[in-house]
Number of protein chains: 2
Amino acid sequence: MTATPHQRSTILEVAREAGASKTSVSRYFGDERERLSPGMQTRIATAAQRLGYRPNQMARSLKGGHSRLVGMLVADIRNPFTVAVMHGVEQACQAHGYSLMVCNTDNDAARESALLALLASYRVEGLIINAAGSPDQQLQTLVDQGTPLVLLDRELGRTEASVVGLDNALAIDMALDHLQAQGYRRLLYLSEPPEQASPRHVRLARFQHGCEARGLTGHAHDQSLEDTEALSQAIRHFLTEGDSGQKAVLCANGNVTLAATRILLASGARLGETGLLGIDELDWCELVAPGISTLAQPTDAIGRSAVACLMRSQDNDATPTRHRHAPTLIMRGSTRNTRP
Amino acid sequence: MTATPHQRSTILEVAREAGASKTSVSRYFGDERERLSPGMQTRIATAAQRLGYRPNQMARSLKGGHSRLVGMLVADIRNPFTVAVMHGVEQACQAHGYSLMVCNTDNDAARESALLALLASYRVEGLIINAAGSPDQQLQTLVDQGTPLVLLDRELGRTEASVVGLDNALAIDMALDHLQAQGYRRLLYLSEPPEQASPRHVRLARFQHGCEARGLTGHAHDQSLEDTEALSQAIRHFLTEGDSGQKAVLCANGNVTLAATRILLASGARLGETGLLGIDELDWCELVAPGISTLAQPTDAIGRSAVACLMRSQDNDATPTRHRHAPTLIMRGSTRNTRP
DNA sequence: TTGTAGGCGTTATCAT
DNA sequence: ATGATAACGCCTACAA
């Protein structure tokens, strides 16, 4: 009993303490506990207990190549959608005996690149990425080295990987159908700039196509949310033209819904009379009178689905798959048209 | 050029490719690049480039004992406050050359225990924990083994570690001062059960103490939020007694604010006339008319502060410190008393 | 059922 | 300035 803090004990010390060999201890903590005699098991258990022994995962992974780590790279960790998916991912990882290493790029391509390298250096056995930039090159390298890869929400043109996310086309269709059924005829679609992320592009295109197909008048605004002024003008202009009771705003994601709601309320618009529908469910949507209708993404399912993809591509090097999840319409007052 | 996917290249291969020794390559990727001749440097750089070499962190950590990993264990990853702090932590970690491994316990003590063991097995060099249960024993073991530890938001009685979080007493005092100044006299304090987390306890006690000191009438409700009915009754009962224009509700955290707002609105209460003040700033607080006043926590600062603690306790084994951060009052309509 | 020996990729030590 | 070599803690043949 020394004055210095306990050193971390190793397998060797446990072995000595238990009067056994390293191998036996290794077996005890591995998947071969059964093969050990009961006596041996207790001796090892006691010794390990006394020494506070925990196998060193680093050493373990070095030898066997099993880091038991899954990496997740997200573009915006403060986005509730991201967090909700993360939650599903983490649960699924735990269920499969993996741990999750989450890194946040804050939508910065340079950081993304660095973090990708980092994750690789920890030899993650699978990678789930919600891409900020277009790190195709790096990702392809990882794939070539045998790391299973799943693209979350945002696709990347040149990378061959599984994709998991919302069924964007379906979501837009559901939105348009709902708005039309509620009697709205003039639609304003609000999105962030579509270049940066594939779903934005898909949703926008589908919106325009869908409006035509249904004989609806559709306009789109896709500037950065940072430019509050532009957004504000777009909305105000939309509010002044044509009949009220005919007009509805469709928000491409949760951030947009937040920004748009702010402006709509400031402009004195009455929700419902002016329709408002958002993609992404947020916990405050029911609070803003008369409630904001949303298309909720099945975030948990998406997260689990992503991990399932990873696990599948570990076994057989299967072809990349696509998993498009359907949203759920949550109807509230903001699309209950009082003057249809 | 084989048909099989690229194997991950090792330091040895790079050494061969560059016509150098493992040592030189190691030096190149370590902190001793300077010591190498320019020629050597380029040769290694080129070789590494061509082979797509990245040092294996696992091996690195095995040898040197430096995992370059910080662990963070949070009780509820879907809580925006948690995520905001996480963001600060991650930034600070990156700035110090560390990576962050985040684990979520979902407020489950058993999971917490397991995840703690896990983090230990990855030999994290520091641990930030937002405790769900009371894993004092395990934590003390970690501390004894030399792992710097920081308690986030929630303290633990028997563990000797630094604590970082809100200045709870100050926050309550600020809340009471503000409410009193706005003319509210009867206060209802809404909290989650205080046993589970130390700040809840501190806040509750301070509330009761503070009301007395100021001559305010204070009631408290601290049942689980799951029991919507009980909460609802408490609020409704509070609304019916005494004069309106005198009454205000104080919410102990963001979750409570959400639940309470829901009920207040459903009860037809007019915010402002009935005061509402919440601890934790949420992005929807300005949306719910006439805006919900909050005490915002400096989440980024708290996160950074936590990492700073970690770094400090690595160098010298300094005594545990306490860092209580002051909140910021964001006044909105919900405490602008129209009938003072 | 148990033990022995070698090596995973890296860094540290000691040469040269 | 550069290299050879021995650990780091563990796992996995192979042997007994």
Side-chain angles (χ1 to χ4, degrees), chain A residues 6-45 47-48 51-69 118 120-125 145-146, chain B residues 6-45 47-48 51-69 118 120-125 145-146:
Chain A
H6 299 297
Q7 289 302 311
R8 233 142 207 160
S9 40
T10 76
I11 203 174
L12 184 58
E13 303 178 83
V14 177
R16 270 203 275 270
E17 179 87 6
S21 73
K22 294 194 302 177
T23 311
S24 295
V25 180
S26 173
R27 289 198 172 111
Y28 181 84
F29 284 99
D31 302 316
E32 316 182 78
R33 191 172 297 186
E34 329 302 346
R35 284 177 46 177
L36 268 35
S37 69
M40 177 97 285
Q41 293 196 28
T42 7
R43 268 151 56 217
I44 295 180
L51 271 52
Y53 170 75
R54 294 258 128 217
N56 182 332
Q57 193 60 38
M58 296 299 197
R60 197 177 257 202
S61 111
L62 180 56
K63 177 57 191 169
H66 291 297
S67 67
R68 291 279 131 188
L69 236 37
L118 183 91
S121 78
Y122 280 101
R123 299 296 187 264
V124 294
E125 294 183 58
Q145 289 175 342
Chain B
H6 298 297
Q7 288 302 312
R8 235 141 205 160
S9 41
T10 76
I11 204 173
L12 184 58
E13 304 178 84
V14 177
R16 271 204 274 269
E17 179 88 7
S21 72
K22 293 196 302 177
T23 310
S24 295
V25 180
S26 173
R27 287 196 173 111
Y28 181 83
F29 285 99
D31 302 314
E32 315 183 79
R33 190 171 300 187
E34 329 302 345
R35 285 176 45 178
L36 269 33
S37 69
M40 176 97 291
Q41 293 197 27
T42 8
R43 269 151 55 217
I44 294 181
L51 272 52
Y53 170 76
R54 292 258 129 216
N56 182 332
Q57 271 300 334
M58 297 298 195
R60 196 176 259 205
S61 117
L62 179 57
K63 178 57 191 171
H66 290 298
S67 67
R68 292 279 132 186
L69 238 35
L118 183 91
S121 79
Y122 279 100
R123 298 295 187 267
V124 293
E125 293 182 61
Q145 290 175 342

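Throughout, protein chains are lettered first and strands after them, A, B, ... in sequence-line order, and every chain is numbered starting at 1.
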Closest contact, heavy atoms only, [X] versus [Y]:
X	Y	result
B/Tyr53	B/Ile11	CE1-N, 3.5 Å
A/Ser67	A/Val124	OG-CA, 3.8 Å
B/Val14	B/Ala48	CG1-N, 4.0 Å
A/Ala15	A/Lys22	CB-N, 3.7 Å
A/Arg43	A/Ala18	NE-O, 3.2 Å
B/Ser9	B/Leu51	OG-O, 3.1 Å

Closest nucleotide of DNA chain D for B/Arg43 versus for B/Ala59: which of these residues is on the 5' side? B/Arg43
Just how far, in rounded Å, is [atom2] of [N] from [atom1] of [X]?
X	N	atom1	atom2	result
B/Arg54	C/dT10	CZ	C1'	16 Å
A/Leu12	C/dG3	CG	P	13 Å
A/Arg33	C/dT1	CZ	C1'	16 Å
B/Leu62	C/dT10	CG	P	11 Å
B/Glu13	C/dG9	CD	P	8 Å
B/Arg68	C/dG9	CZ	P	22 Å
A/Lys63	C/dC8	NZ	P	7 Å
A/Arg123	C/dG9	CZ	P	8 Å

Is there a side-chain contact between [X] and the phosphate of [N], meaning an N or O under 4.0 Å from OP1 or OP2?
X	N	value
B/Ser61	C/dT10	no
B/Ser26	C/dT11	yes
B/Tyr53	C/dT10	yes
A/Ser24	C/dT1	no

Among residues 14-22 of chain B, which ones have heavy-atom contacts with DNA chain D below 4.0 Å? B/Gly19, B/Ala20, B/Ser21, B/Lys22
Using a 4.5 Å cut-off on heavy atoms from C-beta on, say whether the side chain of A/Ser61 contacts that of A/Arg123. no
Is there a side-chain contact between A/Arg27 and A/Thr23 in this structure, where contact means two heavy atoms from C-beta onward sitting under 4.5 Å apart? yes
Answer with base, sugar-phosphate or nothing: what part of the nucleic acid does B/Met58 contact at a heavy-atom distance below 4.0 Å? nothing
Any base atoms under 4.0 Å from A/Thr10, or only sugar-phosphate, or nothing? Heavy atoms, all strands. sugar-phosphate
Within the distance-only criterion (no hydrogens, no angle test), does the side chain of B/Gln57 pair as donor or acceptor with the backbone N or O of A/Ser121 below 3.5 angstrom? no
First and last nucleotide of DNA chain D touching chain B, 5' to 3', heavy-atom cut-off 4.0 Å? D/dA1 to D/dG9
From [X] [atom1] over to [Y] [atom2], what is the distance, rounded to the nearest 0.5 angstrom?
X	Y	atom1	atom2	value
A/Arg16	A/Glu13	CZ	CD	7.0 Å
B/Tyr122	A/Asn56	OH	CG	10.5 Å
A/Ser21	A/Leu12	OG	CG	10.0 Å

Residue pairs meeting salt bridge (Lys or Arg N to Asp or Glu O under 4.0 Å), one or both in residues 58-69 of chain A, sequence neighbours left out, come to none
Set of side-chain contact (heavy atoms from CB on, under 4.5 Å) partners for A/Arg33, sequence neighbours left out: A/Tyr28, A/Gln41
Quick test: give all pairs of protein nitrogen or oxygen and nucleotides 14-16 of chain C nitrogen or oxygen below 3.5 Å, distance rounded to 0.1 Å.
none

Using five base pairs at each end to define the local axes, how bent is the helix from C/dT1-D/dA16 to C/dT16-D/dA1, to the nearest 10°? 30°
